[in-house]
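Numbers here simply count residues along the sequence, with the first being 1.
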Amino acid sequence: MSPRAFIVLLTSFLIVGCSDNAEIKSNKKMANDFLNLALSDNPKAAQLLTHPNFTFTFMGETEISNIPFDRDTYFDDWIPNVVGALLPGGITLTATDMIADKDGVALIMEGDAEGINGEYDNKYVFVYKFKEGLIHKVTEYNSDLLVATRLYKQKLMPIELTEEIEKKN
């Protein structure tokens, strides 16, 4: 390879690398800004960061889990009627780590809140996928055991006892 061809090739790699770095940096900022805005007094401000085909899903094994919310139902239903009802005083989320590439971000956070049934502290991973420079999909993971017991006051039972109760009913 000629020195000139090598320089052109190297320059191309640097431009692509810098472009990817800018996109990754933008994705990280957008992911962090999204939650701050969504949980603020004006959650609709976060809607500007979302793709028209945006979806949100809270993962787990609770009554509010695994239901995809679209852009409208996330801001009109999930934020005020689920998060707002369970955490009326709001929640403070602190980022502890972030993993990102040009297609997505995993934002690892710790939450501190007073829930409807007392102290509620949980750890979270929010996985973001991006499309056309906007947030296309958010999937939330946390301890659904804490959600069930601290927010919904559900009791834990050994599996044998649960099976016995089900047989009687």
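As a member of the Ile/Leu/Val/Met/Phe/Trp/Tyr network built from side-chain separations under 4.5 Å, Ile99 groups with Met59, Ile108, Val125, Val127, Tyr141. Taking Ile, Leu, Val, Met, Phe, Trp and Tyr as members and joining any whose side-chain heavy atoms lie under 4.5 Å apart, directly or through other members, Leu48 forms no hydrophobic cluster with any other residue.
Taking the side chain to side chain contact (heavy atoms under 4.5 Å, CB included) definition, one finds that Ala85 meets it with nothing, sequence neighbours left out. When the side chain to side chain donor-acceptor pair (under 3.5 Å) test is applied to Tyr74, no partner is found at least two apart in sequence or on another chain. The side chain to side chain donor-acceptor pair (under 3.5 Å) check on Asn81 picks up Asp77, with sequence neighbours excluded. Looking at residues two or more places apart in sequence or on another chain, you find a side chain to side chain donor-acceptor pair (under 3.5 Å) between Glu140 and Asn142. Scored by the side chain to side chain contact (heavy atoms under 4.5 Å, CB included) test, Ala113 finds Leu87, Ile91, Tyr120 as partners (sequence neighbours excluded). Partners of Lys29 under the salt bridge (charged side-chain N to carboxylate O under 4.0 Å, His left out) rule, at least two apart in sequence or in another chain, are Asp33. For Asn53, there are no side chain to side chain donor-acceptor pair (under 3.5 Å) partners at least two apart in sequence or on another chain.
Pairs engaging residues 89-114 under the side-chain hydrogen bond (donor to acceptor under 3.5 Å, both in side chains) rule: none recorded [sequence neighbours left out]. Sorted by first then second residue, the side-chain hydrogen bond (donor to acceptor under 3.5 Å, both in side chains) pairs that include residues 127-137, not counting sequence neighbours, are His51-Glu132. Screening residues 42-59 for salt bridge (Lys or Arg N to Asp or Glu O under 4.0 Å) gives Lys44-Asp76 as the qualifying pairs, with residues at least two apart or on separate chains.
Both Leu39 and Ile116 are part of a single hydrophobic cluster, where members link through side-chain heavy atoms under 4.5 Å apart.
Across all their heavy atoms, Gly111 and Leu93 have their closest contact at CA-CD2, 3.7 Å. Residues Ile79 and Ala38 approach most closely at CG2-O, 3.6 Å, considering heavy atoms. In terms of heavy-atom proximity, Leu107 sits nearest to Ala95 at CD1-CB, 3.9 Å. The minimum heavy-atom distance linking Met98 with Val105 is given by the pair CG-CG1, 3.6 Å. Nearest approach of Thr50 to Phe34, heavy atoms of both residues: CG2-CE1, 3.5 Å.
Residues Lys123 and Ser143 form no side-chain contact, since every pair of their non-hydrogen atoms from C-beta on lies 4.5 Å or further apart. A 4.5 Å side-chain heavy-atom check between Val83 and Trp78 finds at least one atom pair inside the cut-off.
A distance of 10.5 Å separates CZ of Phe58 from CZ of Phe69, quoted to the nearest 0.5 Å. Here the OG1-CD1 distance, from Thr57 to Ile67, works out to 9.5 Å after rounding to the nearest 0.5 Å. Separating the CG atom in Asn21 from the OG atom in Ser26 is a distance of 12.5 Å, to the nearest 0.5 Å.
Applying the 6.0 Å contact sphere to CG of Asp41 captures no more than 12 heavy atoms from other residues, nucleotides or ligands.
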* To do: Report the C-alpha distance between Met30 and Phe130 in whole Å, list the side-chain angles of each, state the deciding distance to 0.1 Å, and finish with yes or no for side-chain contact (heavy atoms from CB on, under 4.5 Å).
  => CA-CA 10 Å; Met30 195 178 307; Phe130 294 85; 3.8 Å; yes
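Not less than 6.0 angstrom separates the ring centroid of Phe54 from the ring centroid of Phe56.
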